[in-house]
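Some notes on the structure that comes next.
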Number of protein chains: 2
Amino acid sequence: MNLSLPSETIFHVIESTIKEYRKFAQKNISEKIKDMTIDQGMVLLFLNEHPNLTQKEIAELVFKDNASMTRMINTMVQKKHLKRSMNPEDRRRYKIEITDKGKDVLKTLPPIIHHNRNSSLKGITKNELNQLEIILGKIRTNCAKNITL
Amino acid sequence: MNLSLPSETIFHVIESTIKEYRKFAQKNISEKIKDMTIDQGMVLLFLNEHPNLTQKEIAELVFKDNASMTRMINTMVQKKHLKRSMNPEDRRRYKIEITDKGKDVLKTLPPIIHHNRNSSLKGITKNELNQLEIILGKIRTNCAKNITL
DNA sequence: CAAAAATAATTGATATATCAATTATGTAAT
DNA sequence: ATTACATAATTGATATATCAATTATTTTTG
């Protein structure tokens, strides 16, 4: 079995790219906002656009599982960025509200994220981005297809 | 500030691709080898090819930091896949050796990984893989460049 | 309607991620 | 050789990842 090392595969390239982006983005966020992770920031962005998201739905959007999301929101509540209140429509789920402190973060965050995205995609054409999306989509489909077997 | 949601960005696509691959790969590994993660498997593969790697070097190859690697190797030692012994050349570092149990895993693992890579890249041309590598490389470089500022 | 099945969230256990501080050892400089 | 600096690994603290089991509520079905 002549297997190339993981470091020589395309998966290694994909992984290193996303890790490098996260490191870069986190650094730029931390410079302006203390005690705020990328993922927590994304939760705020999603909730801001779609206030009725359940924890489960948010979890899917940021690639976490429910258990992680429960704990993540716990800490965001502790840090006063979010507030949990009961949802009378369906008492299994919570209504997650953004506090004033959370709204402050939402004023500071967008320009940082905008800058992160722009500078990490500098010199890359629209066409290349399309290519990227298409090829990655194929890989993802291949993997997802087999998962449900 | 008109910011598109994280779920609409190329970063979301990249992240979802690598997560889907990991889920797929982990599932196939777990079916054949109990109590073995992708990352632990990669550590074994790297050590098998390069027996003199230090913990720090292994960590870089699998995108972990030193602290994580210390603990990861701790559990692999506990599970008897690895053995730590002193390195008389430089007593700051260990010599990490693969045990017989670890070598058994190394017999089972390669065909699984081979299958994982092949089926997740099915239908993707050599040219597309090159494109992918080039474009991701640009993103990574953009991010890494700014990190060291 | 009552029992069964499904869903949203939580909890426990264990592993990993991350940062900062610490220990032990090596190397370089004067 | 002694001081200063650099490196490899560990540890502590806290957050997150993951799986399985549990709780509290709907929803579905017979």
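Computed from a predicted model, the values in this text were never measured in an experiment. Naming convention: chains lettered A, B, ... in sequence-line order (proteins, then strands); numbering from 1 in each chain.
Between the side chains of Arg117(B) and Ser4(A), at least one donor-acceptor pair of N or O atoms lies under 3.5 Å. The closest side-chain donor-acceptor pair between Gln26(B) and Thr37(B), if any, does not fall under 3.5 angstrom.
The side chain to side chain contact (heavy atoms under 4.5 Å, CB included) test with Ile98(A) is passed by exactly one of Asp104(A), Val105(A), Val43(A), Asn48(A): Asn48(A).
More than 12 heavy-atom neighbours from other residues, nucleotides or ligands sit within 6.0 angstrom of NZ on Lys19(B). Applying the 6.0 Å contact sphere to NZ of Lys80(B) captures no more than 12 heavy atoms from other residues, nucleotides or ligands.
Gln40(A) has its CD atom 9 Å from the C1' atom of dA15(D), to the nearest Å. For the pair Lys34(A) NZ and dT14(D) P, the interatomic distance rounds to 17 Å; values are reported in whole Å. Atom C1' of nucleotide dA8(D) and atom CD1 of Ile58(B) are separated by 12 Å, given to the nearest angstrom. Summarising the geometry, the separation between CG on Asn74(B) and C1' on dT11(D) is reported as 11 Å, rounded to the nearest angstrom. Atom P of nucleotide dA15(D) and atom CE of Met36(A) are separated by 13 Å, given to the nearest angstrom.
Ion pair Lys83(B)/Glu97(B) flagged as a salt bridge, since at least one NZ, NE, NH1 or NH2 atom sits closer than 4.0 Å to an Asp/Glu carboxylate oxygen.
Within residues 43-56 of chain B, the residues that have a heavy atom under 4.0 Å from DNA chain D are, in order of number, Thr54(B), Gln55(B), Lys56(B).
The side chain of Thr70(A) approaches dT10(C) more closely than any other nucleotide in the set dA8(C), dT10(C), dA9(D).
Arg22(B) comes within 4.0 angstrom of nothing in the nucleic acid, heavy atoms only.
For the pair Ile38(B)/Ile113(B), no side-chain contact is recorded, criterion being any heavy-atom separation below 4.5 Å from C-beta on.
Taking the six-membered ring where the residue is Trp, His12(B) and Phe63(A) present tilted rings, their angle falling between 30° and 60°.
Contact annotation: Thr75(A) side-chain N/O to dT14(D) OP1/OP2 distance is not under 4.0 Å.
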query = Which parts of nucleotides 17-29 of chain D does protein reach within less than 4.0 Å, heavy atoms only, written one letter per nucleotide 5' to 3' as B for base, S for sugar-phosphate only and - for none?
reply = BBB-----BS---
